[in-house]
Each structure stands twice: as structure tokens, then as C-alpha cells.
Amino acid sequence: MAEEFDAVHGGFGFVEDQPRKPKFPEPSNLFFLLHRAEDSSLDESIRREAEAMLTRTLDKMAAGGLQDHLGGGFHRYSVDRFWAIPHFEKMLYDNGQLASVYARAFGLTGKMEYRWVTEDLLDWASREMLADEGAFFAAIDADSEGEEGAFYRWSKDQMKPFANLPSWETFAKLYQLSGTANFEDAFYVPQTIEGLAERAAEMQLDAPRMRQSMAKIREAMRIARDERERPGIDTKILTSWNGLMIAGFADAGRILQREDAIDIAKRAATFILTSMRQSDGSLYRTYASVGRTTDENTETEVDSQGKAKLNGYLDDYAMLVYGLIALHRATGEANWLQSARELTDLQIKKFWDQQRGGFFFTSDDHQSLIARAKDPVDGAIPSGNSVAALNLLYLADEIETKNEYQSYAQRTLETVAGLLQRSPASAPLAAVAISELLSESNE
């Protein structure tokens, strides 16, 4: 990772002569760095290097236009090296993972900026991504009015109504809403050069008070923005992506002591556990509310009650269990652990590769396929096998009578060994699980 790290602007895969190469958040990388920085068994120099790469990336992502500074949450990726101008789509899977990452980074460093980013993300997801049923929608489109980013950009004329508000000049300077346009030579996308807390320190101001004064303008601009034609919402409820956002809300609620966030995670988990299950307890992959539009390019098949008839994939089981485990960590309530255990047992029954170990992506009773594949790569969405290994290790630690969970975890990770030898940065979450396995084995 250090070889691929952009030491100036954070993130990975930077190429010197390609400043316009897209840059993605890559949450699995951030989870790996968090784990290294938190691991007290490592040499301090290793922990410091991991924390330095982590915080540089989180700082720059939060400062740039990748973060929606008015509404909260993160867009899908940056079109440049600088995190300045995003592709404006917002994905549930990114934001669920980033909620966990920023909350944990706040716990590690105590940086208020990370807390604020997390809270803004939670507020956005609660306001714009929650279905009536209690679970989360899949995504918000990038386009409105026939153009990408039209909802999020600002012209000088559109900002004139705010010019007389107290602290506007400070706000406009901080968020680069004055001077030369930063988007398409005519518009402004709110972004900062550095975090609000750092800027307040430079100005010898109290950071929380400065944030409060900026919040009034942010809210006024957000409300005005909401009057525009809004981007479309993909209202599918996907089990796997909801698992990641349930984990994000549960982790953030635990670390930030936000009971409201934990309650939202509970409601989403309860809906999926009760409304997206088949008669034998197996999971459905998707659900769409009756009367709401869904992305016509998806393979969702909805009956009159709104339930999708697609069998769940490995990701649906592993990532929902991941969210349930986060709820167990946050609450200590045994029902979440029990549900995690039941689904894991079903996952083993339906997806386990008896010959080579690890989990297939499709179940043994899935619609007929030529071959059952596995995907070990931790990309924008982590590998189901990496997540499953982490889940199994947690269950092995919590349930003394189920020690075979650790064996399943080890055999799963052994299937990733070849990939880790060839391209170690392709499976950073698997590396976290290996570290956890070795630690438990040593104990």
C-alpha cells in the first residue's frame, strides 16, 4: 500500500502523469490501515505508518468535493487526484463502510472532524435513504435536469440569496464558493482545502462554535437545494448493501454514543430478518416497495407484495451477518448474535465448497449455472469470503460450543493465499482476517 499511496492527497493508485485518473475511497484499504493502527502488538513504527496513510486519506476525502458538504455522505468517486470533483452518484455500500471507518478513526485519533463527518453521513442517510419499511435504499443517481451534478453545483446567481447571512464571507472562503469557479468553468462545488477544525485552529477560533455558525448557512443552502429537481433514487432494498449500512450505523452509534443511530440499525435489521426471508429461513436478495420505481436495468423480480424472488448470494448472507455482529457489539443483545449464528449456519450449508474450502458466490439451490464461482478480491464492495472469515472468527470467539467456526475461517482464508502472494493489495480485508486468526491462534 505504501508503494501505491499518494502521500500528498491520500488514496491509492496515483499515477504522476495522470492527475485526472479517477480515485475511489476503497474502504477495504481503510479498514486494513485502521486494523494496523489499532493493533497494539505491532511495532510503533508500523502503527504510525498505517495511521499516517489512513488519516491523510480520510482528511483529504472529507475536505474535497467527494463529500457532500451541504447534505452529508460521500459520492461514488473523484474524477481527479485531488478528491475535488466527484462522480455525483451516492452508493449505499460506500457510505455504510465509510460510516464505520470515520467513526472508528474518531475513536482512534479523537479528531472532531471525523465525528462531524460521521454524524453528517448518518443524518443524510436517515433523511434521504431510509425506506418506509425501515431499511435503506440502494443509491441516488448523479443526474438531474439532464446533467450530471446539476443538483449539487452552484452558480454565482444561485448563491446571491445567502450573501447577507452572518459569516457568509467566511463560509464562502472556507468552502471555495468565491473566486474562480471550480467545476466546468462556471459552477462551484463546495469543498475545503483543510478540515474545519484545522481552519478554526489557524484562525484561533473555537472549532465547535465555528461549525455551529457554519451549520446555519449549510442548512439554508441545503434547504434551497432541495427545491431543485432531485436526482432519481434507486429504491431497491438490497440485503448485502443494507448489511454494510447497518454495520455503519451500529458502529457509529456505539463509538459516538448515539442511541438513535443504533435504533435505526435495529429497525433495518429487523425488517430484513422478518420480511426478506424464505420459508426455510434463507435470504432474498432484493425488495422493492409497491408503487416505488426501481432501476429497470436490474434483475429484480417483484411480486404484488413487493418481495423479490431472487435467491440471496454469498454477499447477502455474509454482509447481513456482519451488520448483525456490529449490532451485537453495540448492544450486547443476544438476539443479534443468535440471528448471526443461524444465518452463518445456513451460509455454510448452502455455499461451502466441500472440496477446496471457502464459499461459492451462489448457493447450491440457485438457478442453474454453468459453474459456481468465487470472488476473493476486496474491491469497492468487499469479498463475501473476506467478510465471512471475519464473521466466523467473531462467532468462534463468542460461542464456545461452535469452535468449528474458526476452522471454517482458516480454510476460507487458505483459499485466498495464492491471490495474496501475487497481489497482496487485492485482498486487504482478508489480511485483516488473517491477522485476527493468527492472534486467536496465539491466544
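Values reported hereafter were calculated over all heavy atoms of this structure, with side chains retained and with hydrogens, waters and symmetry mates removed.
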Are side-chain heavy atoms of [X] and [Y] found at a separation under 4.5 Å?
X: Met159; Y: Trp168; result: yes
X: Trp336; Y: Thr331; result: yes
X: Pro190; Y: Leu177; result: yes
X: Leu121; Y: Leu98; result: yes
X: Phe106; Y: Ile255; result: yes

Between [X] and [Y], which heavy-atom pair has the shortest distance, and what is it?
X: Ala247; Y: Ala326; answer: CA-CB, 3.7 Å
X: Leu393; Y: Ala433; answer: CD1-O, 3.4 Å
X: Gly72; Y: Lys90; answer: O-NZ, 2.9 Å
X: Met210; Y: Leu196; answer: CE-CD1, 3.9 Å
X: Ala388; Y: Ala318; answer: N-CB, 4.1 Å
X: Val117; Y: Ala62; answer: CG2-CB, 3.8 Å

More than 12 non-hydrogen atoms from neighbouring residues, nucleotides or ligands closer than 6.0 Å to [atom1] on [X], yes or no?
X: Glu219; atom1: CD; value: yes
X: Ile46; atom1: CD1; value: yes
X: Glu202; atom1: CD; value: yes

[X] [atom1] to [Y] [atom2] distance, which is reported to the nearest 0.5 Å:
X: Asp6; Y: Met53; atom1: CG; atom2: CE; answer: 12.5 Å
X: Glu259; Y: Ile264; atom1: CD; atom2: CD1; answer: 12.0 Å
X: Asp94; Y: Leu66; atom1: CG; atom2: CG; answer: 8.5 Å
X: Lys216; Y: Arg211; atom1: NZ; atom2: CZ; answer: 13.5 Å
X: Tyr313; Y: Thr239; atom1: OH; atom2: OG1; answer: 12.0 Å
X: Arg230; Y: Arg225; atom1: CZ; atom2: CZ; answer: 7.5 Å

Quick one, Asp120 with Arg218, criterion salt bridge (charged side-chain N to carboxylate O under 4.0 Å, His left out). Give me CA distance, side-chain angles, the key distance, then yes/no.
CA-CA 11 Å; Asp120 289 345; Arg218 289 175 59 224; 3.2 Å; yes

Taking [X] for the side chain and [Y] for the main chain, is one N or O donor matched with an acceptor at less than 3.5 Å?
X: Ser126; Y: Leu122; answer: yes
X: Lys23; Y: Gly10; answer: yes
X: Arg285; Y: Gly312; answer: no
X: Asp234; Y: Ala138; answer: no
X: Asp185; Y: Ala181; answer: no

Is it the case that [X] and [Y] place a side-chain donor and acceptor less than 3.5 Å from each other?
X: His87; Y: Glu148; answer: yes
X: His75; Y: Gln67; answer: no
X: His328; Y: Tyr394; answer: yes
X: Tyr114; Y: Asp59; answer: yes
X: Ser240; Y: Asp315; answer: no
X: Ser386; Y: Asp378; answer: yes
X: Ser41; Y: Asp39; answer: yes
X: Asp80; Y: Ser78; answer: yes

Geometric class of the Tyr175/Phe171 ring pair [parallel <30°, tilted 30-60°, perpendicular >60°]
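Tilted.
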
Once the angle between the rings of His9 and Phe82 is folded into 0 to 90°, is it parallel (under 30°), tilted (30 to 60°) or perpendicular (over 60°)?
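His9 and Phe82: perpendicular rings.
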
Taking [X] first and then [Y], would you say they form a salt bridge - that is, a charged N and a carboxylate O separated by under 4.0 Å?
X: Glu113; Y: Arg199; value: no
X: Asp397; Y: Arg329; value: no
X: Glu184; Y: Arg153; value: yes

Which residue in the set Thr415, Asp353, Thr362 passes side chain to side chain donor-acceptor pair (under 3.5 Å) when paired with Lys374?
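Passing option: Asp353.
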
Measure centre to centre between the rings of Tyr188 and Trp154, then say whether the value is under 6.0 Å.
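Centroid distance Tyr188-Trp154: not below 6.0 Å, so no.
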
If you take the centroid of each ring, where Trp contributes its six-membered ring, are Tyr287 and Phe271 closer together than 6.0 Å?
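Phe271 vs Tyr287: aromatic centres under 6.0 Å.
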
Thr118 vs Arg115, test: side-chain contact (heavy atoms from CB on, under 4.5 Å). Steps then yes/no.
CA-CA 5 Å; Thr118 308; Arg115 182 186 186 101; 5.8 Å; no

Trace of the side-chain contact (heavy atoms from CB on, under 4.5 Å) decision for Met276 with Asp316:
CA-CA 11 Å; Met276 296 183 69; Asp316 297 302; over 6 Å; no

Should Arg48 and Glu44 be marked as a salt bridge (charged side-chain N to carboxylate O under 4.0 Å, His left out) after you check the CA-CA gap, both sets of side-chain angles, and the distance that decides it?
CA-CA 6 Å; Arg48 284 184 175 179; Glu44 187 175 355; 2.7 Å; yes

Show the numbers, then the answer: is there a ring pair (Phe, Tyr, Trp, His ring centres under 6.0 Å) between Phe88 and Tyr77?
CA-CA 8 Å; Phe88 289 91; Tyr77 62 87; over 10 Å; no

Could you point out which residue of Leu58, Asn29, Thr57 forms a side chain to side chain contact (heavy atoms under 4.5 Å, CB included) with Val101?
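In the set Leu58, Asn29, Thr57, the residue that makes a side chain to side chain contact (heavy atoms under 4.5 Å, CB included) with Val101 is Leu58.
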
Go through the steps for Leu320 and Asn242 under the test side-chain contact (heavy atoms from CB on, under 4.5 Å), then give the verdict.
CA-CA 7 Å; Leu320 179 57; Asn242 267 265; over 6 Å; no

Between Arg36 and Glu49, is a salt bridge (charged side-chain N to carboxylate O under 4.0 Å, His left out) present by the stated rule, with each step listed?
CA-CA 9 Å; Arg36 301 291 278 180; Glu49 182 181 17; over 6 Å; no

Let me see the working for Phe249 and Arg258 under side-chain contact (heavy atoms from CB on, under 4.5 Å), right down to the final yes or no.
CA-CA 9 Å; Phe249 267 73; Arg258 287 273 303 265; over 6 Å; no

Step-by-step salt bridge (charged side-chain N to carboxylate O under 4.0 Å, His left out) determination, Arg222 to Asp226
CA-CA 6 Å; Arg222 185 186 68 79; Asp226 284 345; 3.0 Å; yes

Given Phe74, which partner from the list Trp124, Trp83, Tyr102 fulfils the ring-ring contact (aromatic ring centres under 6.0 Å, His included) test?
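That would be Tyr102.
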
